[in-house]
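Quick notes on the structure that follows.
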Amino acid sequence: MLPAPPLTDHPPAAPAGHPPIGPEHRTALVDVNSFYVSCERAFDPKLAGIPVVVLSNNDGCVVARSDEVKRLGVDNGTPWFQLAARAKGWGMVAKSSNYELYGDLSSRVMELLGRHAAWQEVYSIDESFLGLDARRGAYVEQGRVIRAAVARHTGLPVCVGVARTKTLAKFANRIAKQNPHLGGVCDLDAMPAEHVDAIMTRVPVTGLWGIASRLGKRLNLMGIETVAQLRDADPVLIRDRFNVVVMRTVLELRGIPCIELEPVRPDKQQMIFSRSFSTPVVGAERMAQVMGLYAQQAAARLAKEHQVAKIMTVFASTSRFRDDVVSSIVSATVRMPNPTADPVLMSKAAIETIRARVVDGAPYAKAGVMLTGLEPAGAAPVFDEFLSVHEHRNIGALIGDVTTRFGTHAIGLGRAGLIRVPEWTMKRQRMSPRYTTDWDELATVHAR
DNA sequence: GAGGTACAG
DNA sequence: GGTTCTGTACCTC
């Protein structure tokens with residue numbers, strides 16, 4: 001991969017503030033095709049042209065598929081154990097998810113996209129909404145420049161949909177994906193209107209952003225089956241029978257913007273750290289160990305976002321796919337003495353809260369820590385007297401620094417500091433190296 | 001405000 | 001034997 005280009009090669013980064021709405025602007029939706037698969041391929045040329053899937057945590061089920069896999073008729077969410085036998089015959093390769101790699105490539109892509117837009121909303125790990133300004137050239141041309149820039153600097157393929165609203169930009173992006181002759185860019189207003197109408201008449205409502213299977217079923221019952229039919233439905237009727245969200249979709253399909261571009265990500269309201277185990281966890285002491293670790297991970301994330309939490313919920317449950325064992329779902333909520341991101345306090349609280357509630361003999365399959373009542377760190381002053389000893393000594397920040405410099409496993413409190421990884425840690429048997437974020441796993445380039 | 005439903009990626 | 005994780009908004013009570 002090429003390094004990020006110097007800033008002088010490009011327009012300046014997207015400005016802060018609210019984007020204007022006007023005839024000289026459009027909304028673009030840019031996303032990476034089969035993002036996780038494309039990340040794996042960017043570092044392993046052997047994966048090109050063959051069916052590739054990326055698996056969820058614990059190598060559980062399919063979360064990303066290459067085009068070859070989509071053509072084989074394999075759905076997202078398919079459990080790997082149902083696929084494994086057939087995979088060999090297909091020549092399919094499965095990779096464990098490697099969020100460190102995807103997160104790093106995502107930042108690079110997002111930064112590049114921001115440089116090519118008047119405004120940017122980073123919408124997900126692989127998508128941005130961009131505000132395009134007509135003064136920077138024809139929208140289709142801007143889309144092509146964006147595609148070329150991302151391909152050159154990261155090796156990742158993106159598609160660009162351009163339209164007057166977010167919903168239509170999403171739709172245009174879909175058209176760009178499904179029609180290779182468009183070269184990955186679709187400006188809805190640059191297409192003949194009857195052509196767009198013909199597509200909208202063919203595509204089912206569930207092809208739209210915000211309309212999934214359940215809403216789709218209910219809409220079908222009213223006789224609304226296609227995008228065109230939803231566009232032409234009565235917005236007020238739709239609001240009354242469904243909700244304002246679906247009504248906004250109707251209006252946006254007509255080119256009336258109802259969903260703002262949000263350049264600034266609002267602070268999180270809640271944070272969850274939850275994992276399924278590779279092997280069940282039994283007993284209060286083992287579960288205490290798990291919770292201590294999970295609470296520290298949650299604390300680290302919280303600190304990274306410069307937030308503190310007032311309320312903690314810990315939960316654990318046995319597998320819902322087994323009826324032959326003691327079944328148990330436990331959850332309990334505690335209020336922290338002060339809003340905090342302190343790993344010592346949080347792991348103590350998590351351990352004490354779960355210990356008393358674990359059911360003896362129940363094989364827990366999954367557990368987690370949920371933090372709510374989040375606020376920005378330092379927003380509310382805290383009496384010095386109320387701070388714990390570790391908060392005074394800033395142990396949390398110290399642990400954070402060590403983790404950043406030496407990795408997640410370099411330091412931990414109590415049993416989280418175990419040298420050996422516990423046996424219930426999630427299974428990631430098919431993981432590729434952290435090519436870009438770990439010195440020991442950097443990609444090697446051979447030249448001759 | 002809590003808890004359930006629905007959606008997204 | 002084995003089926004992800006995280007986050008938000010809306011609706012109902």
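Just so it is clear, the structure is predicted and the values come from calculations on it, not from any experiment. We use all heavy atoms of the structure for the numbers below, so side chains are in, but hydrogens, waters and symmetry mates are not.
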Which nucleotide in [options] has an atom nearest any side-chain atom of [X]:
| X | options | value |
| --- | --- | --- |
| A/Met271 | C/dC10, C/dG7, C/dC5 | C/dG7 |
| A/Val244 | C/dT3, C/dC10, B/dG9 | C/dC10 |
| A/Arg248 | B/dA8, C/dC10, C/dT6 | C/dC10 |
| A/Gln270 | B/dG9, C/dC10, C/dG7 | C/dG7 |
| A/Arg301 | C/dT4, C/dT6, B/dG9 | C/dT6 |

Checklist entry - When we call it a touch if two heavy atoms are under 4.0 Å apart, what does A/Phe35 touch: a base, just sugar-phosphate, or nothing? => result nothing
Next on the checklist: Students often get this wrong, so: under 4.0 angstrom with heavy atoms, is A/Asn58 touching a base, only sugar-phosphate, or nothing?
Outcome noted: nothing
Figure out the [atom1]/[atom2] separation between [X] and [N], and round it to whole Å.
| X | N | atom1 | atom2 | value |
| --- | --- | --- | --- | --- |
| A/Gln429 | C/dT4 | CD | C1' | 16 Å |
| A/Glu121 | C/dT8 | CD | C1' | 13 Å |
| A/Asp59 | C/dT4 | CG | C1' | 11 Å |
| A/Gln297 | C/dC5 | CD | P | 14 Å |
| A/Arg65 | C/dT4 | CZ | C1' | 15 Å |
| A/Ile125 | C/dC5 | CD1 | P | 16 Å |
| A/Lys166 | B/dA8 | NZ | P | 14 Å |
| A/Gln269 | C/dT6 | CD | C1' | 13 Å |

So, is [X] close to the [N] phosphate, meaning a side-chain N or O under 4.0 Å from OP1 or OP2?
| X | N | answer |
| --- | --- | --- |
| A/Ser274 | C/dT6 | yes |
| A/Lys366 | C/dT4 | no |
| A/Ser276 | C/dC5 | yes |

SB check [X] [Y] (cutoff 4.0 Å):
| X | Y | value |
| --- | --- | --- |
| A/Glu100 | A/Arg428 | no |
| A/Glu111 | A/Arg115 | yes |
| A/Lys310 | A/Glu375 | yes |
| A/Arg71 | A/Asp67 | no |

Item to check | With sequence neighbours excluded, residues passing ring-ring contact (aromatic ring centres under 6.0 Å, His included) with A/Tyr294 | outcome: A/Phe273
How long is the straight-line distance from [atom2] of [Y] back to [atom1] of [X], given to the nearest 0.5 Å?
| X | Y | atom1 | atom2 | answer |
| --- | --- | --- | --- | --- |
| A/Asp187 | A/Arg164 | CG | CZ | 9.0 Å |
| A/Met287 | A/Arg357 | CE | CZ | 13.5 Å |
| A/Glu260 | A/Glu121 | CD | CD | 10.0 Å |

Next on the checklist: Need to verify one output field. Residue with the more 5' nearest nucleotide on DNA chain C, A/Asp267 or A/Trp80?
Outcome noted: A/Trp80
Checklist entry - Can you list, by residue number, the residues of residues 207-243 of chain A that have a non-hydrogen atom closer than 4.0 angstrom to DNA chain B? => result A/Leu208, A/Trp209, A/Gly210, A/Ile211, A/Ala212, A/Arg214, A/Leu215
